Amino acid sequence: MPNDPKGRTQPGYRKHLFVCGHERPEGAARPSCGKRGSLALMQSIKRAAKEAGLTDVRVQKSGCLDFCEFGTTAVIYPEGVWYTLEGEDAVAAMVHHLQHGTGAEAHEMSMD
Ligand code: FES
């Protein structure tokens with residue numbers, strides 16, 4: 001069995017944030033998160049999580065999460081809370097959820 005370079009003894013993360021990084025070409029029938037700057041936002045969240053000392057979470061890009069029309073889409077597991085990342089406090093809100101498991105309700109995806 002290989003040794004884990006980070007010293008982990010079991011697979012997985014306490015929290016796992018996926019940010020959609022999908023980008024469609026100009027003229028596509030549906031919008032895409034990559035065109036909204038989602039990858040730069042993801043990098044900011046990664047940096048902020050690291051600065052906050054969160055070593056047991058993972059922030060990474062995903063392919064299309066299929067809620068393209070609702071804005072820059074993200075989801076945090078294991079809660080399965082879906083977010084639309086907009087506004088200056090979106091980064092801080094995601095880090096807060098990664099730390100505490102809640103507290104980012106203002107960014108939860110709304111389908112109303
Ligand atoms: S392109 Fe981001 S959810 Fe579809």
Side-chain angles (χ1 to χ4, degrees):
M1 188 155 99
N3 285 330
D4 183 82
K6 296 184 177 178
R8 296 170 293 199
T9 57
Q10 59 184 8
Y13 303 97
R14 186 174 57 79
K15 307 259 181 236
H16 206 155
L17 167 57
F18 293 97
V19 178
C20 173
H22 186 61
E23 185 164 339
R24 293 192 169 91
E26 291 298 328
R30 298 182 78 183
S32 56
C33 299
K35 289 259 193 258
R36 301 180 185 114
S38 63
L39 292 181
L41 188 58
M42 181 198 68
Q43 290 297 340
S44 295
I45 297 168
K46 284 173 83 100
R47 243 187 330 271
K50 189 173 184 179
E51 287 169 9
L54 299 178
T55 58
D56 57 353
V57 304
R58 182 82 168 168
V59 178
Q60 66 183 99
K61 73 177 175 184
S62 74
C64 176
L65 294 166
D66 203 23
F67 286 90
C68 324
E69 286 74 16
F70 294 88
T72 300
T73 301
V75 59
I76 297 181
Y77 291 111
E79 293 88 339
V81 179
W82 288 74
Y83 290 107
T84 299
L85 303 181
E86 290 175 354
E88 292 180 9
D89 65 334
V91 172
M94 291 302 97
V95 172
H96 193 278
H97 182 142
L98 291 169
Q99 282 178 309
H100 305 291
T102 186
E105 291 80 5
H107 295 272
E108 285 187 21
M109 183 178 287
S110 172
M111 299 184 79
D112 295 335

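The analysis underlying the following values was restricted to heavy atoms, covering all of them including side chains, and did not include hydrogens, waters or symmetry mates. Atoms within each ligand, like the ligands themselves, are counted from 1 in listed order. Quick caveat, the model's predicted, so the values are computed rather than measured.
Scanning for side chain to side chain contact (heavy atoms under 4.5 Å, CB included) contacts around E86 gives T84, with sequence neighbours left out. Here L54 pairs with R14, A49, A52, V57, V95, L98, Q99 under the side chain to side chain contact (heavy atoms under 4.5 Å, CB included) rule; sequence neighbours left out.
Residues E23 and S32 approach most closely at CA-OG, 3.5 Å, considering heavy atoms. The shortest heavy-atom contact between S62 and C20 is OG-CA, 3.5 Å.
Around atom 2 (Fe) of ligand 1, the protein N, O or S atoms closer than 2.8 Å are C20 SG, C33 SG, listed by chain and residue number.
Open room surrounds NZ on K61; 12 or fewer heavy atoms of other groups in view lie less than 6.0 Å from it.
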In residues 5-12, what donor-acceptor pairs under 3.5 Å come from side-chain atoms, sequence neighbours left out?
| unit_1 | atom_1 | unit_2 | atom_2 | d |
| --- | --- | --- | --- | --- |
| R8 | NE | D4 | OD1 | 3.3 |
| R8 | NE | D4 | OD2 | 3.1 |
| R8 | NH2 | D4 | OD1 | 3.0 |

